[in-house]
Amino acid sequence: MSLDRYDPAAIELKWYRYWLDRNLFAPAMGSGQEPFCIVIPPPNVTGSLHMGHAWDNTVQDILIRWARMEGKNALWIPGTDHAGIATQWMVEKLLRERGTTKEAIGREAFLKRTWEFKEESHGTIVGQLKRLGVSTDWSRERFTLDEGLSRAVRRVFVTLYRQGLIYRDLRMVNWSPGLLSAISDLEVEHRDVDGHLWHFRYPLADGSGHVVVATTRPETMLGDTAVAVHPDDARYRALVGKTVRLPLVGREIPIVADAYVDPKFGSGAVKITPGHDPNDFELGKRHGLPVITVMNEDASLNDEVPPPYRGLDRFEARKRVVADLKAAGLLEKVEPHKHALGYCQRSGQVVEPRVSTQWFVRIKPLAEKAVAAVEDGRIRMVPDYQKKVFFEWMNNIQDWCISRQLWWGHRIPVWYCDACGAVIVSETDVSACTQCGGGSLRMDEDVLDTWFSSGLWPFSTMGWPEDTEDLRTFYPTAVLVTGYDILFFWVARMAMLGLWFMGREPFHEVLLHGLLRDQYGEKMSKTKGNGLDPLEMIDRYGADALRFTLAAGTVPGRDMSLPEASIEGNRNFINKVWNATRFVLGHVERLRSAERPQPVAALESVKPGRFERWILARLYQVAEEVRGYLEQRRLNEACRVLYGFVWHEFCDWYVEITKPALMGELGPDAQQAALATLHHVLGEALKLLHPVMPFVSEELWHALPGHGGEARADSIMIQPYPRGEHLAALQRKAGAWGRELDSTVREAQQIIDVIQTVRTVRGESGVKPRQKIDVTLLTGDPALRRAVESEQPMVVTLGGIGRLDFVASFSEREGYGHGVGNGFEAFLALAGQIDVDAERQRIGREVEKTEARIRQLSGKLENPAFRDKAPPAVVAKSREELSALQSQLAKLNESLTQLPAS
RNA sequence: GGGCGGUUAGCUCAGCUGGCAGAGCGGCGGCUUUACAAGCCGUAGGUCGCAGGUUCAAUCCCUGCACCGCCCACCA
């Protein structure tokens with residue numbers, strides 16, 4: 001099998017089908033393996049996925065694929081969310097574009113249309129997830145409006161109702177005039193706006209003067225039912241108990257005293273509108289004031305106001321009221337005033353506080369359990385500091401308004417009997433009144449907040465309230481991965497409802513990531529139009545490149561900037577891996593088809609050389625590092641380590657080093673060892689990379705034949721993830737060569753240092769790359785000398801060296817380029833080619849650096865406190881480094897003095 | 001008004017329990033080296049926001065300040 005140029009589009013679909021055909025995403029039920037389950041944060045069926053979803057799902061897929069390779073019983077449950085408000089909003093918009101409304105077509109037709117919309121979005125979303133490569137078990141896919149999940153919703157509602165934790169009440173709620181529905185506190189966005197503070201005169205009813213009130217909302221004065229002052233406010237004490245004549249309306253309303261009023265703010269007298277302000281509503285209750293609602297549901301003024309204002313929008317009415325009061329000489333002054341205003345998250349309209357009958361969850365008892373679970377570590381938060389944010393909210397939690405005046409969602413399972421007034425709360429549909437037997441029942445028109453059903457997701461998806469094998473096996477789930485922006489909306493609700501109904505936390509860990517930003521650090525959003533489309537990026541660079549980029553930017557809790565150039569760069573990395581495989585494959589094929597065919601030997605049956613042992617040692621060090629980082633969820637570090645190892649150690653060094661051996665220049669043993677090692681390390685690296693880049697790793701895994709030259713039968717998905725102990729096992733099989741791994745690694749790095757030193761001097765001296773140069777290596781370290789000597793062919797090739805000599809002393813330095821490394825000096829025979837000035841400058845820079853470091857170190861070492869108090873190892877290390885630097889400095893200075901005068 | 005996070009190379013960002021400041025991109029110089037120009041070799045560039053403190057030692061821990069961002073919040 002040979003490989004063409006890397007073309008992601010040509011391989012990705014193929015392997016996704018392969019995984020599906022072999023049912024590799026399904027868990028191994030009954031296997032007894034440790035369960036590891038993730039439930040997907042169900043995307044809204046409002047269209048298509050954005051890059052944030054790609055990020056979230058990439059992280060989950062990495063964790064699931066890794067767990068699977070670690071031998072766990074891995075299950076990732078996919079699904080989607082009906083997203084009540086968001087979806088209804090989209091469909092209503094579509095209807096408007098076609099010149100109709102939901103009211104015109106009716107509830108039934110509207111729901112039918114919305115289901116169609118849902119199907120379409122769902123198809124798009126599933127297609128996108130598959131392109132991304134997610135290994136979800138599609139046979140377990142769920143939707144929040146499924147029959148099973150709807151049963152779970154009803155069970156929860158009825159249970160909480162019977163426990164006295166759900167109640168219906170007439171209260172002041174956040175009303176969205178855009179949605180014509182109540183919304184929860186969380187769905188209100190507060191924004192600071194530049195408004196005004198209007199001061200109006202309210203004439204006293206007895207004609208003895210007036211009271212000045214200050215307000216930011218003049219239009220609500222039409223619903224005023226009192227004026228309030230602070231009981232201790234001397235300015236107004238005499239007025240308490242009197243009445244004012246409400247301008248424009250004519251109503252006579254009392255002046256009351258209440259400690260709520262801040263005497264220092266505004267005029268110290270407040271107009272009270274119990275129908276349109278939560279504080280006024282509370283104050284009104286204390287003083288038995290009437291509540292007058294002066295607005296319709298769409299925030300236009302209703303018939304409770306004088307005729308001229310009826311039907312006006314609230315902002316129109318505001319202008320009108322101000323103008324009219326001014327005309328009447330009752331406007332005392334207007335001040336600019338900055339204050340926070342609540343906006344409906346979905347419709348963007350300013351939220352109107354409104355008195356209405358709604359359903360609420362008394363959430364505190366549930367919250368206490370969730371707080372306890374996080375406090376005692378049953379739920380771990382990554383990053384840890386998010387706990388503080390969580391507690392802050394949970395400890396100040398308010399009752400949750402769960403009814404929505406929408407059509408798309410779970411209908412509230414409550415029926416009202418017109419005959420006897422009974423309120424029937426039932427899990428199953430009710431056709432006759434349970435009280436009076438009458439048949440004229442009305443089901444509650446409202447639906448539940450969409451988060452009510454998604455709050456059940458970790459167990460409703462597993463079949464609750466049935467007692468299922470999935471629940472027994474996979475609840476609690478291992479980890480929940482999502483953005484910190486829905487910590488309260490969703491994570492907190494799941495924690496509360498899961499603990500309440502299942503008696504156990506829904507997940508052991510919450511892994512929170514941040515928001516996506518563009519190359520300028522700006523938040524990616526549709527409205528800004530600066531978002532990258534995941535599908536477009538996949539088309540352009542491949543899913544693997546996108547996934548690697550997202551993973552490499554994943555620091556728990558942190559936002560990520562995602563410039564397109566970074567995806568391109570990582571595509572290049574994949575291309576590198578691709579070409580490394582091509583290289584190895586080329587030699588495998590060449591040797592197999594040679595006169596005496598040689599398949600790739602098993603690693604334990606070859607005699608690995610120094611660099612074989614070095615790269616193997618590094619491979620397994622890296623494997624351990626990567627596993628450690630994955631455990632800590634530091635995906636960025638895992639990716640960085642893999643990238644550096646594969647590119648800069650394996651490709652840049654090891655592959656180059658093997659070339660003479662592969663060509664047979666070093667004998668058959670070396671050839672076998674090099675090929676076996678390349679084969680092995682590449683295969684293991686592909687496994688390490690697989691969770692991050694599943695498609696290309698699978699492709700290359702299959703391209704790389706087994707030891708007998710046979711094609712790979714099994715998916716890389718189910719190979720064991722490399723571990724350090726695999727090296728130990730290898731060493732046992734191979735005999736003793738593993739014992740000197742540490743010194744081998746050190747020597748290998750020294751040899752690399754020699755080559756780099758030679759290259760640096762060559763480069764700085766302007767020696768042409770093709771020109772061989774004679775090098776004399778001066779070293780007093782016999783081990784180093786032996787190592788370099790035994791690797792001479794490779795050193796000579798990679799250093800572009802003609803003759804390589806070793807000496808213990810070297811005095812005739814004129815005409816040589818000079819480089820210093822740790823434990824050696826290299827002299828390049830550059831006679832006539834040395835740019836003396838450049839050389840002097842280069843060495844001068846080295847001298848300065850070395851001297852600076854020496855000053856730093858010797859300062860430290862001269863300090864008795866350091867010698868006494870620092871750990872001995874640190875002191876010894878400093879000593880060692882200092883003496884190495886001192887001898888290096890001496891060498892540099894010597895070569896400086898020997899440079900000919902320019 | 002409360003709370004949380006950030007400030008590190010030209011840009012975007014890493015940097016685990018304190019012990020030599022890193023990557024990618026970009027810059028500069030040089031390469032048609034038989035896996036790869038989506039490449040190779042070399043290289044420049046940083047008082048780690050400011051001021052104190054703890055420590056033998058601070059980018060890292062503590063305090064204060066300055067900006068930037070986010071979350072929560074019923075002062076009209």
Side-chain angles (χ1 to χ4, degrees), chain A residues 3 5-6 172 185-186 190 197 213-217 220 228 260-262 264-267 269-273 277-282 337 339-340 342 353 383 385-386 388-389 392-393 396 484-485 487-488 514-515 517-521 523 541 552-553 555 557-563 565-566 568-587 628-629 632 634 636-637 640 643-644 651-652 655-656 659 663 756 759-764 766-770 797-798 800 853 856-857 860 863-871 873-875 877-878 881:
Chain A
L3 292 170
R5 191 184 158 87
Y6 171 53
M172 179 147 286
D185 295 347
L186 274 180
H190 295 272
L197 195 59
V213 296
T215 181
T216 55
R217 301 201 54 198
T220 62
Y260 152 73
V261 179
D262 176 0
K264 291 189 285 296
F265 188 88
S267 63
V270 194
K271 59 186 267 319
I272 299 299
T273 321
D277 182 279
N279 292 310
D280 293 7
F281 183 73
E282 292 303 316
H337 181 59
H339 61 129
Y385 66 75
Q386 289 288 351
K388 282 185 268 183
V389 181
E392 181 72 18
W393 189 70
N396 297 302
Y484 60 66
D485 52 329
L487 181 63
F488 306 142
L515 275 52
R517 295 172 185 282
D518 66 8
Q519 68 266 43
Y520 307 108
K523 197 156 131 185
Y541 305 103
V555 180
R558 285 279 225 283
D559 294 351
M560 160 169 39
S561 92
L562 186 72
S566 66
E568 187 185 358
N570 289 318
R571 188 274 315 270
N572 295 353
F573 171 58
I574 295 172
N575 186 55
K576 190 77 185 173
V577 179
W578 182 273
N579 281 306
T581 309
R582 271 177 51 164
F583 171 82
V584 174
L585 215 49
H587 287 281
Y629 285 133
Q632 297 174 60
R634 296 167 62 188
N636 62 321
E637 294 294 301
R640 181 183 59 77
Y643 184 103
C651 291
D652 286 353
V655 166
E656 294 304 319
K659 283 178 178 175
M663 295 313 291
Q756 276 175 329
R759 280 178 179 172
T760 300
V761 179
R762 288 177 63 107
E764 306 255 315
V767 179
K768 292 283 163 205
R770 309 210 78 165
T797 306
L798 296 187
R853 180 74 186 138
Q856 195 186 342
L857 275 173
K860 227 158 93 165
N863 181 351
F866 172 72
R867 293 196 307 266
D868 293 347
K869 294 191 180 173
V874 173
V875 179
K877 206 175 142 201
S878 302
E881 192 189 345

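Phosphate proximity of B:G5 to A:K388: present, with a side-chain N or O under 4.0 Å from OP1 or OP2. For B:A14, the OP1/OP2 oxygens have a side-chain nitrogen or oxygen of A:R558 closer than 4.0 Å. Close to B:G42, at under 4.0 Å from its OP1 or OP2, lies a side-chain N or O of A:R759. The phosphate of B:U33 (OP1 or OP2) has no side-chain N or O of A:T797 nearer than 4.0 angstrom. Regarding contacts with the backbone of B:C36, every side-chain N or O of A:N572 stays at 4.0 angstrom or more from both OP1 and OP2. An OP1 or OP2 oxygen of B:G39 is reached within less than 4.0 angstrom by no side-chain nitrogen or oxygen of A:K576. Contact annotation: A:K659 side-chain N/O to B:A35 OP1/OP2 distance is under 4.0 Å.
Going from atom CZ of A:F866 over to atom P of B:G18 covers 16 Å, rounded to whole Å. Here the P atom of nucleotide B:A37 and the CZ atom of A:R582 are 9 Å apart, to the nearest Å. Atom pair A:F573:CZ and B:A38:P shows a separation of 18 Å (rounding to whole Å applied). Across the protein-nucleic acid pair, A:D652 atom CG and B:G39 atom P stand 11 Å apart, rounded to whole Å. The CD-C1' distance, from A:E764 to B:C31, rounds to 16 Å in whole Å. Separating the CG atom of A:N279 from the P atom of B:A73 is a distance of 14 Å, rounded to the nearest angstrom. For A:K768 and B:G29, the NZ to P distance is 13 Å, given to the nearest whole Å. Put simply, CE on A:M560 is 17 Å from P on B:G6, counting in whole angstrom units.
Ring geometry for A:W393 versus A:F488: interplanar angle under 30°, hence parallel rather than tilted (30 to 60°).
Summarising the geometry, atom CG belonging to A:D652 is positioned 5.5 Å from atom NZ belonging to A:K576; distances are rounded to the nearest 0.5 Å. For the atom pair OG of A:S878 and CD of A:Q856, the computed distance is 9.5 Å after rounding to the nearest 0.5 Å.
At the heavy-atom level, A:T216 lies under 4.0 Å from the strands shown only through sugar-phosphate atoms. Heavy atoms of A:E568 sit nowhere under 4.0 angstrom from any nucleic acid atom. No engagement by A:V213 is indicated, since no non-hydrogen atom pair under 4.0 Å with the nucleic acid exists. When heavy atoms are screened at a 4.0 angstrom cut-off, A:R770 is found touching the sugar-phosphate backbone but no base atom. Among the protein residues, A:P864 comes within range of no part of the nucleic acid, since none of its heavy atoms lies under 4.0 Å from any strand. If you check every strand for non-hydrogen atoms under 4.0 Å, A:V584 touches nothing.
Spacing of C1' atoms, B:U54 relative to B:C62, comes out at 7 Å, to the nearest Å.
Side-chain atoms of A:Q856 and base atoms of B:A57 include no donor and acceptor less than 3.5 Å apart. A donor N or O paired with an acceptor N or O is not found under 3.5 Å between the base of B:A23 and the side-chain atoms of A:R640.
Heavy-atom nearest nucleotides on RNA chain B were determined for A:L186 and for A:E392, and the one closer to the 5' end corresponds to A:E392.
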Protein N or O to nucleotides 44-47 of chain B N or O, pairs below 3.5 Å:
none

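With hydrogens and angles ignored, the 3.5 Å screen pairs a side-chain donor or acceptor of A:R759 with a backbone N or O of A:L798. No donor-acceptor distance shorter than 3.5 angstrom exists from the side chain of A:N575 to the backbone of A:R571, with no hydrogens or angles considered. Here the side chain of A:R762 pairs a donor or acceptor atom with the backbone of A:K768 at under 3.5 angstrom.
Side-chain atoms of A:D559 and A:Y484 include a donor-acceptor pair closer than 3.5 Å.
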Report summary line: Note, RNA chain B 5' to 3' with Watson-Crick or G-U pairs under 3.5 Å encoded as ( ), [ ], | and . gives (((((((..((((.....[..)))).(((((.......))))).....(((((..]....))))))))))))....
